[in-house]
Amino acid sequence: MRFLLAGFVAATVLVGAAQVPAPATAVLYEGARLITGDGSAPIERSAFLVQAGRFVRVGRQGENLAGPDVRRVDLTGKTVIPALIDAHSHIGYMKNLTSGPQNYTRENILDHLYRFAYFGVAASQAMGSDFGELPFQIRNETRAGKHPDAARFLTAGRGLAPLEEISHENMRHAAYVVSTVEGARADVQELARLQVPLIKTWVDTRGGTIKTLTPDLYGAIFDEAHKHGLRVAVHATGLREAKDLLRAGVDVFAHMISDVDDELVALFKQHPRTTVLLALSAPRRIVSAPWLNPPHPLIRETVRPEQIKRLQDRLGGQSVETAEQGRQAWERLARGVRLLSAPGVKIGVGTDGGGQNGDQFVGWTMHAELENMVVAGMTPAQVLVSATKNSAEILGLDDLGTVAPGKSADFVVLDANPLDDITNTRRISRVSLRGHEVDRAGLRAKWATGAASN
């Protein structure tokens with residue numbers, strides 16, 4: 001009986017062992033210059049081990065980071081950076097020459113997320129323009145890795161806005177209408193139940209054409225959000241409104257403030273947790289868009305010719321007055337970026353990509369934004385930290401933003417060093433998300449056939 005029992009136990013152990021899945025193949029990437037994203041000096045001739053979608057070890061080539069069974073990938077001559085993070089976008093609205101809620105479909109949202117991944121963007125935060133159940137479904141799917149060639153989709157759900165901000169034709173069409181303190185708190189409570197990473201609201205006069213939320217209303221939004229451990233991102237570009245919002249406890253400015261003075265800088269110093277997403281792409285291209293004439297190869301690979309032509313015509317047809325106003329506005333913005341970055345205000349990257357202010361090429365806007373930030377006065381090293389570590393922290397993405405053990409293996413392999421020239425982020429050799437190499441060739445082929453359009 002003892003022998004029979006022993007045999008049964010042994011058989012059970014063997015069956016159990018057979019049912020345990022084999023460990024994921026480990027891959028050792030060797031030889032690249034590694035920019036980890038935390039602001040430290042690059043690791044020349046690096047080595048990093050990836051297994052089960054995560055970084056396991058990070059060091060230098062030759063430090064014996066892996067056993068004999070590991071698969072090795074030679075990246076000699078390449079530069080590796082953490083995958084980028086777009087902390088402010090409007091996914092699903094644009095489709096070729098149209099923009100609006102009619103395009104907000106599963107197919108179009110996923111197409112945009114594939115485009116972000118193609119450009120080396122690991123995650124994108126939709127800022128208050130989503131509606132219905134669909135965004136939360138796709139959020140959960142991308143979080144679980146159901147769409148391996150797609151960036152993660154983060155949604156703030158519906159934003160909170162005054163009635164005058166809302167129109168059936170704009171991206172605020174489904175926003176909560178804020179008119180009472182009690183209503184504002186209830187709206188935040190509903191969003192908290194949906195587990196959004198942040199709350200989005202608007203406090204902008206739109207050039208003096210509308211009345212903004214009053215301090216008691218946006219103060220209630222801030223207070224209720226903070227009770228639920230949520231941050232609040234505000235679209236506010238006016239200097240006076242920005243000062244009032246800082247005093248009230250704003251967490252994130254979703255756009256760069258149109259002008260900056262010494263008092264504003266002092267207020268930022270008093271509120272060191274407040275961050276800024278610059279979103280410089282639209283104002284900068286009024287002055288200069290060197291990537292458009294001729295179109296950069298990455299644009300030709302991902303944007304239909306008619307959309308490229310429309311933007312070329314639009315920018316080429318500007319009046320002298322419009323161009324001069326744009327130049328002056330850009331100079332004020334650039335000066336403000338320098339004034340805020342000098343004392344160490346935390347700056348993240350948000351592109352407003354997919355927004356309705358005219359032909360935002362989804363995914364490409366990240367690389368244009370990085371160039372704009374350098375033109376405004378930041379260093380390439382500062383910009384890369386903003387686009388990776390800072391943006392991840394702003395969105396609460398603990399497993400993204402740097403190349404470090406335990407983090408998700410989301411990284412971009414480049415053919416040149418972006419610390420020498422920030423536009424080298426466009427020289428993409430490969431993109432890996434969760435340790436999976438994105439099928440960029442397959443995506444490119446699909447877009448070339450017109451199967452999906454930006």
Side-chain angles (χ1 to χ4, degrees), residues 39 87-88 127 198 200-219 221-223 226 231-284 286-288 324-352 369-387 389-391 393-394 422:
H88 176 177
M127 275 288 193
L198 51 75
K200 171 68 181 297
T201 190
W202 290 262
V203 182
D204 193 329
T205 68
R206 304 290 182 182
T209 61
I210 68 170
K211 294 180 180 179
T212 68
L213 294 179
T214 55
D216 62 321
L217 293 176
Y218 63 68
I221 294 170
F222 294 172
D223 181 63
H226 295 163
R231 309 184 85 195
V232 181
V234 182
H235 176 122
T237 58
L239 179 58
R240 181 177 63 82
E241 289 80 14
K243 291 177 180 178
D244 291 342
L245 288 162
L246 275 163
R247 295 185 183 103
V250 64
D251 299 296
V252 181
F253 284 97
H255 290 261
M256 180 56 195
I257 299 145
S258 60
D259 203 358
V260 175
D261 62 12
D262 291 341
E263 183 183 17
L264 186 70
V265 174
L267 284 167
F268 268 103
K269 291 179 179 178
Q270 294 168 24
H271 298 83
R273 295 184 179 180
T274 302
T275 60
V276 183
L277 305 173
L278 300 182
L280 300 174
S281 291
R284 169 63 181 165
I286 294 174
V287 179
S288 177
E324 177 58 22
Q325 290 171 1
R327 184 190 65 79
Q328 294 177 12
W330 168 254
E331 289 182 354
R332 288 192 298 271
L333 284 174
R335 173 180 174 273
V337 171
R338 294 191 294 273
L339 288 173
L340 294 184
S341 62
V345 172
K346 180 178 280 189
I347 293 173
V349 174
T351 68
D352 206 18
E369 183 72 3
L370 302 186
E371 179 183 12
N372 296 335
M373 292 167 73
V374 170
V375 172
M378 297 177 67
T379 68
Q382 289 175 319
V383 168
L384 288 175
V385 171
S386 293
K389 178 176 181 287
N390 286 0
S391 291
E393 290 175 352
I394 290 167
I422 196 63

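Judged as a side chain to side chain contact (heavy atoms under 4.5 Å, CB included), and not counting sequence neighbours, the contacts of S341 are I347, M378. With sequence neighbours left out, the salt bridge (Lys or Arg N to Asp or Glu O under 4.0 Å) criterion links D261 to K243. Judged as a side chain to side chain contact (heavy atoms under 4.5 Å, CB included), and not counting sequence neighbours, the contacts of S391 are I85, A87, V349. Checked against side-chain hydrogen bond (donor to acceptor under 3.5 Å, both in side chains), S281 has the following partners two or more places apart in sequence or in another chain: E369. For E324, the side chain to side chain contact (heavy atoms under 4.5 Å, CB included) partners at least two apart in sequence or on another chain are R327, Q328. Taking the side chain to side chain contact (heavy atoms under 4.5 Å, CB included) definition, one finds that A342 meets it with nothing, sequence neighbours left out.
Checking side-chain atoms of D251 against main-chain N and O of A233 turns up no donor-acceptor pair under 3.5 Å. Side-chain atoms of T274 come within 3.5 Å of backbone atoms of V250 as a donor-acceptor pair (strictly under, hydrogens ignored). Formation of a donor-acceptor pair under 3.5 Å by the R335 side chain with backbone atoms of V260 is found in this model. Remark: side-chain polar atoms of H88 are paired, donor with acceptor, to backbone N or O of A254 under 3.5 angstrom.
Here R332 contributes atom CZ and D259 contributes atom CG; the two are 6.0 Å apart, rounded to the nearest 0.5 Å. We find the CD-OG1 distance between E241 and T205 to be 5.5 Å, quoted to the nearest 0.5 Å. Residue I394 holds its CD1 atom at 10.0 Å from NZ of K389, rounded to the nearest 0.5 Å. To the nearest 0.5 Å, atoms CG (L333) and OG1 (T237) are separated by 9.0 Å. Taken to the nearest 0.5 Å, the OG1 atom of T351 stands 10.0 Å off from the CG atom of L370. D262 CG to L267 CG: the interatomic distance, rounded to the nearest 0.5 Å, is 11.0 Å.
For the pair A279 and H255, the tightest heavy-atom approach, listed with the atom from each and the gap, is CB-ND1, 3.7 Å. Nearest heavy-atom pair across A236 and L245 is CB-CD1, 3.4 Å. The heavy-atom pair separating R206 from T209 by the smallest distance is O-OG1, 2.8 Å. Shortest non-hydrogen contact noted between E371 and I422 is CA-CG2, 3.8 Å.
Aromatic ring pairs are classed by plane angle as parallel below 30°, tilted from 30° to 60° and perpendicular above 60°; the pair Y218 and F222 is tilted. Using bins of under 30°, 30° to 60° and over 60° for the plane-to-plane angle, the ring pair F253/F268 lands in the tilted bin.
The shortest distance between side-chain heavy atoms of V276 and V252 does not fall below 4.5 Å. The shortest distance between side-chain heavy atoms of L246 and L264 falls below 4.5 Å. Looking at heavy atoms from C-beta onward, L213 lies in side-chain contact with I221 at the 4.5 angstrom threshold. Side chains of L198 and M127 form a contact here, defined as non-hydrogen atoms less than 4.5 Å apart. Counting heavy atoms from C-beta outward, Q382 and V385 have side chains that stay 4.5 Å or more apart.
When each of V337, L280, L278 is tested with N372 by the rule side chain to side chain contact (heavy atoms under 4.5 Å, CB included), just one qualifies, namely L280.
Ionic pairing of E393 and K346 is present here: one or more N-O contacts between side-chain nitrogen and carboxylate oxygen are shorter than 4.0 angstrom.
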